[in-house]
Asker: 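Mind looking over this structure? Questions follow.
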Amino acid sequence: MIGKIDHIGIAVPSLDEAIPLYEKALGLECEGIEEVVEQKVKTAFFAVGEVHLELLEPTSPESPVAKFLEKKGPGIHHIAFGTDNVTTDLRVAAEAGVQLIDSAPKDGAGGKEIAFLHPKSTLGVLMELCQKKA
Ligand code: CMX
């Protein structure tokens with residue numbers, strides 16, 4: 001069951017340029033940088049209360065984030081919902097007629113399992129389901 005907004009993903013061309021902006025202009029602290037090979041991104045997380053911001057830099061021209069930057073430029077890329085069971089929530093979304101990008105969870109940043117719903121079937125919002133691994 002979805003219980004919270006876990007994080008908001010923001011596409012940036014360069015973490016080296018983006019991190020100082022969030023640190024200096026907003027006074028936030030970068031919790032760490034992590035590469036997620038399967039998603040072809042490097043991530044940087046900032047806590048803002050209960051929610052995190054996830055800056056996303058593509059690591060390859062084939063990265064979904066590289067395509068997004070090319071088409072739309074930097075900006076909000078996805079909203080991630082925290083859940084206690086990604087697999088169940090994928091089934092519920094599919095039964096509700098939503099197109100799944102991932103039919104099963106994959107490895108994400110921060111030791112989480114993640115899966116995406118297609119923005120074409122969620123009124124233009126790329127949605128992620130994520131669950132802390134047991
Ligand atoms: N939010 C909203 N709409 C988006 C989008 C986004 N982030 N990315 C693409 N779209 C839209 C496009 O604008 C396009 O719409 P139009 O047809 O109206 O122009 C449509 O979706 C198809 O997009 P596309 O450019 O042709 O791109 P692709 O089909 O190749 O890929 C998507 C789109 C969402 C399927 C792909 O980006 C994907 O699989 N994403 C999930 C994985 C991911 O994003 N990983 C990176 C983050 C990983 C992490 O957080 O760890």
Side-chain angles (χ1 to χ4, degrees):
M1 203 175 76
I2 289 171
K4 63 174 184 179
I5 291 183
D6 185 87
H7 65 267
I8 297 169
I10 299 171
V12 300
S14 154
L15 289 184
D16 286 346
E17 275 176 34
I19 289 170
L21 171 73
Y22 283 78
E23 288 181 332
K24 289 190 184 134
L26 300 177
L28 301 176
E29 191 184 337
C30 178
E31 289 184 339
I33 295 175
E34 180 184 345
E35 182 168 354
V36 185
V37 174
E38 189 161 6
Q39 296 290 335
K40 301 187 175 72
V41 291
K42 237 171 24 173
T43 67
F45 278 90
F46 295 83
V48 189
E50 295 285 299
V51 179
H52 281 79
L53 300 180
E54 178 190 36
L55 303 185
L56 295 157
E57 176 191 314
T59 54
S60 143
E62 281 81 48
S63 167
V65 174
K67 284 191 183 175
F68 180 90
L69 286 168
E70 207 175 291
K71 206 164 176 180
K72 303 193 185 202
I76 294 180
H77 180 260
H78 66 266
I79 295 181
F81 296 97
T83 171
D84 57 5
N85 196 323
V86 172
T87 305
T88 301
D89 289 338
L90 281 174
R91 183 172 46 72
V92 170
E95 283 169 5
V98 169
Q99 185 188 336
L100 309 182
I101 292 173
D102 304 302
S103 54
K106 293 179 169 173
D107 286 338
K112 291 189 174 155
E113 294 191 307
I114 64 172
F116 286 90
L117 310 181
H118 203 292
K120 280 289 183 194
S121 60
T122 55
L123 299 171
V125 179
L126 177 59
M127 296 180 182
E128 175 186 328
L129 302 169
C130 70
Q131 173 186 1
K132 193 93 187 149
K133 276 190 204 163

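For clarity, every value in this text was computed on a predicted model and none was experimentally measured.
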Asker: Let me confirm one number: the CD1-CD distance from I101 to E128, rounded to the nearest 0.5 Å.
Answerer: 10.0 Å

Asker: Under a 4.5 Å side-chain heavy-atom rule over Ile, Leu, Val, Met, Phe, Trp and Tyr, are L100 and I2 clustered together?
Answerer: yes

Asker: Are I114 and I5 linked, directly or through other ILVMFWY residues, by side chains that come within less than 4.5 angstrom of each other?
Answerer: no

Asker: Would you check if the side chain of Q131 reaches a backbone N or O of T83 as a donor-acceptor pair within less than 3.5 Å?
Answerer: no

Asker: Quick one: does E57's side chain have a donor or acceptor within less than 3.5 Å of a partner on L15's backbone?
Answerer: yes

Asker: Without swapping roles, check the side chain of T59 against the backbone of K40 for a donor-acceptor pair under 3.5 Å.
Answerer: yes

Asker: Please report the shortest heavy-atom distance between G110 and E34, naming the atom on each side.
Answerer: N-OE1, 2.9 Å

Asker: Please report the shortest heavy-atom distance between F68 and A11, naming the atom on each side.
Answerer: CD2-CB, 3.6 Å

Asker: I'd like to check the salt bridge (Lys or Arg N to Asp or Glu O under 4.0 Å) partners of D16; sequence neighbours left out, ordered by chain and number.
Answerer: none

Asker: Other residues, nucleotides and ligands only: do more than 12 of their heavy atoms fall within 6.0 Å of CD on E70?
Answerer: no

Asker: Identify the two heavy atoms, one from A66 and one from P61, that lie closest to each other, and give their separation to 0.1 Å.
Answerer: CB-O, 3.6 Å

Asker: In Å, rounded to the nearest 0.5 Å, how long is the span from NE2 of H77 to CG of L55?
Answerer: 13.0 Å

Asker: Does V125 share a hydrophobic cluster with V98, counting links as ILVMFWY side-chain heavy atoms below 4.5 Å and allowing steps through other members?
Answerer: yes

Asker: Among K133, K112, Q39, find the one that has a side chain to side chain donor-acceptor pair (under 3.5 Å) with D107.
Answerer: K133

Asker: Treating Ile, Leu, Val, Met, Phe, Trp and Tyr as nodes and any side-chain heavy-atom pair under 4.5 angstrom as an edge, say whether L56 and V48 lie in one connected cluster.
Answerer: no

Asker: When you look at CD1 of I76, are more than 12 heavy atoms from neighbouring residues, nucleotides or ligands closer to it than 6.0 Å?
Answerer: no

Asker: Could you grab the distance from atom OG of S121 to atom CE of M127, nearest 0.5 Å is fine?
Answerer: 8.5 Å

Asker: Under 4.5 Å between side-chain heavy atoms, counting indirect links through other Ile/Leu/Val/Met/Phe/Trp/Tyr residues: same cluster for F45 and V37 or not?
Answerer: no

Asker: Could you measure the distance from the CD1 atom of I10 to the NE2 atom of H78? Nearest 0.5 Å is fine.
Answerer: 9.5 Å

Asker: As an exercise, state the distance from NE2 of H7 to OG1 of T43, rounded to the nearest 0.5 Å.
Answerer: 8.5 Å

Asker: Is there a side chain to side chain contact (heavy atoms under 4.5 Å, CB included) between F116 and K106? Walk through the geometry before answering.
Answerer: CA-CA 9 Å; F116 286 90; K106 293 179 169 173; over 6 Å; no

Asker: Please find the pair of heavy atoms, one from A47 and one from L28, that lie closest to each other, and give the distance.
Answerer: O-CD2, 4.0 Å

Asker: For a side chain to side chain contact (heavy atoms under 4.5 Å, CB included) check, start with the C-alpha distance between L21 and L26, then their side-chain angles and the critical distance, and finish with the verdict.
Answerer: CA-CA 7 Å; L21 171 73; L26 300 177; over 6 Å; no

Asker: Donor-acceptor check, side chain of H118 to backbone of K120, threshold 3.5 angstrom: yes or no?
Answerer: yes

Asker: Which atom names give the shortest non-hydrogen contact between A115 and A104, and what distance separates them?
Answerer: CB-O, 4.4 Å

Asker: Taking all non-hydrogen atoms of both residues, which atom of P105 and which atom of T87 are closest, and how far apart?
Answerer: CG-OG1, 3.7 Å

Asker: Counting only heavy atoms not in E17, do more than 12 sit closer than 6.0 Å to its CD atom?
Answerer: no

Asker: Should the heavy atoms of other residues, nucleotides or ligands under 6.0 Å from CD of E38 be counted, would the total exceed 12?
Answerer: yes

Asker: Using 0.5 Å steps for rounding, measure from the CD1 atom of I79 to the CG atom of D6.
Answerer: 12.0 Å

